[in-house]
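Residues take their numbers from the sequence shown, with the count starting at 1.
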Amino acid sequence: MSSELFTLTYGALVTQLCKDYENDEDVNKQLDKMGYNIGVRLIEDFLARSNVGRCHDFRETADVIAKVAFKMYLGITPSITNWSPAGDEFSLILENNPLVDFVELPDNHSSLIYSNLLCGVLRGALEMVQMAVDVKFVQDTLKGDGVTEIRMRFIKRIEDNLPAGEE
């Protein structure tokens, strides 16, 4: 699918959500929820197409997300910056976000996180590979910032819990 068609379709989706929900916070939640559901399903496609093995630490995960996943699905390679001293938090800097091409936020939607779908996708995909993460937008070019920044924080490794009797 061409990137322009995807961008316009995504714009129509966000526009409809803005009409369906009373405030931006509800739209943001819906975009995150939709993204999460996409991420849960997208990880299988990603693993099959990318031939990437299991990541051994959060730094390796960050590299795979930026250099393989974003490139594969959005055609961009964000930079990885602002690592926390503990190595459990970093930022993805998107010099250009393809989701916001042709977009201008109306004044009455100043708290809308237009690309919040991406946060949900990352959270859902990583959860399927046993990583609980917190993902949020810190900067957004749609709100006048110079770049788009997504902050990711590792919460915990999710343990596989087998039902009783199936060990």
Side-chain angles (χ1 to χ4, degrees), residues 1-46 58 61-84 88-129 131-156 158:
M1 175 174 11
S2 82
S3 62
E4 285 182 5
L5 177 61
F6 175 68
T7 300
L8 294 172
T9 303
Y10 182 72
L13 168 76
V14 175
T15 300
Q16 188 61 50
L17 287 173
C18 287
K19 290 176 183 173
D20 291 348
Y21 292 91
E22 293 183 20
N23 60 54
D24 290 346
E25 284 307 310
D26 290 340
V27 175
N28 294 340
K29 287 177 187 171
Q30 285 302 311
L31 288 169
D32 181 76
K33 185 178 175 181
M34 294 168 98
Y36 176 85
N37 289 330
I38 291 169
V40 165
R41 289 164 180 77
L42 194 64
I43 190 66
E44 288 183 36
D45 178 69
F46 173 76
F58 202 45
T61 301
D63 280 343
V64 169
I65 290 168
K67 296 175 183 169
V68 183
F70 268 86
K71 184 75 171 163
M72 184 183 292
Y73 292 106
L74 292 177
I76 61 171
T77 304
S79 55
I80 304 165
T81 62
N82 302 327
W83 276 100
S84 66
D88 63 347
E89 202 169 336
F90 67 90
S91 292
L92 291 169
I93 305 294
L94 287 70
E95 297 295 331
N96 57 359
N97 177 356
L99 292 181
V100 301
D101 290 346
F102 321 115
V103 175
E104 192 173 305
L105 284 183
D107 292 336
N108 62 331
H109 288 288
S110 60
S111 60
L112 177 67
I113 305 171
Y114 185 83
S115 300
N116 210 38
L117 183 95
L118 294 176
C119 292
V121 168
L122 290 166
R123 202 170 43 81
L126 289 174
E127 192 172 295
M128 293 298 102
V129 291
M131 293 183 100
V133 294
D134 179 48
V135 187
K136 65 184 175 197
F137 274 86
V138 179
Q139 296 186 73
D140 193 343
T141 54
L142 285 180
K143 296 184 179 182
D145 298 315
V147 295
T148 298
E149 178 181 356
I150 300 172
R151 190 80 181 152
M152 293 187 66
R153 182 175 58 87
F154 177 79
I155 299 171
K156 67 178 182 175
I158 301 168

Minimum heavy-atom distance [X]-[Y], with the two atoms named:
{"X": "Ile76", "Y": "Pro98", "result": "CD1-CD, 3.8 Å"}
{"X": "Ser91", "Y": "Arg151", "result": "OG-NH1, 2.8 Å"}
{"X": "Val100", "Y": "Ser115", "result": "CG1-OG, 3.6 Å"}

Please round to the nearest 0.5 Å and tell me the distance separating atom [atom1] of [X] and atom [atom2] of [Y].
{"X": "Ile113", "Y": "Leu105", "atom1": "CD1", "atom2": "CG", "answer": "10.5 Å"}
{"X": "Thr15", "Y": "Tyr10", "atom1": "OG1", "atom2": "OH", "answer": "10.5 Å"}
{"X": "Lys33", "Y": "Ile38", "atom1": "NZ", "atom2": "CD1", "answer": "13.0 Å"}
{"X": "Leu31", "Y": "Leu17", "atom1": "CG", "atom2": "CG", "answer": "5.5 Å"}
{"X": "Ile93", "Y": "Ile150", "atom1": "CD1", "atom2": "CD1", "answer": "9.0 Å"}
{"X": "Met128", "Y": "Leu126", "atom1": "CE", "atom2": "CG", "answer": "10.0 Å"}

Pairwise side-chain contact, [X] with [Y], heavy-atom cut-off 4.5 Å (strictly under):
{"X": "Ile65", "Y": "Phe70", "answer": "yes"}
{"X": "Tyr36", "Y": "Val135", "answer": "no"}
{"X": "Leu122", "Y": "Val133", "answer": "no"}
{"X": "Asp20", "Y": "Gln30", "answer": "no"}
{"X": "Thr148", "Y": "Asp140", "answer": "yes"}

Intermediate values then yes/no, side-chain contact (heavy atoms from CB on, under 4.5 Å), Leu112 and Cys18:
CA-CA 9 Å; Leu112 177 67; Cys18 287; 4.1 Å; yes
Is the Phe58 ring parallel, tilted or perpendicular to the Trp83 ring (thresholds 30°, 60°)?
perpendicular
Is it the case that the ring center of Phe137 lies less than 6.0 angstrom away from the ring center of Tyr114?
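So the answer is no for these two rings.
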Kindly determine whether Leu94 and Leu74 satisfy side-chain contact (heavy atoms from CB on, under 4.5 Å), including the steps that lead there.
CA-CA 11 Å; Leu94 287 70; Leu74 292 177; 5.6 Å; no
Donor-acceptor contact present, side-chain [X] to main-chain [Y], <3.5 Å:
{"X": "Lys143", "Y": "Ser110", "answer": "yes"}
{"X": "Thr141", "Y": "Asn96", "answer": "no"}
{"X": "Asn28", "Y": "Ser111", "answer": "yes"}

Would you say that more than 12 heavy atoms from the other residues, nucleotides or ligands in this model lie under 6.0 Å from the CD of Gln16, or not?
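Atom CD in Gln16 is crowded, with more than 12 foreign heavy atoms closer than 6.0 Å.
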Evaluation steps, side-chain contact (heavy atoms from CB on, under 4.5 Å), between Arg123 and Asp32
CA-CA 9 Å; Arg123 202 170 43 81; Asp32 181 76; 2.4 Å; yes
Begin with the C-alpha distance, continue with both residues' side-chain angles, and end with the deciding distance and a verdict on side-chain contact (heavy atoms from CB on, under 4.5 Å) for Thr61 and Phe154.
CA-CA 10 Å; Thr61 301; Phe154 177 79; over 6 Å; no
Check: Asp101/Thr7 side-chain N/O donor and acceptor closer than 3.5 Å
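Per modelled atom types, Asp101 and Thr7 side chains form no pair under 3.5 Å.
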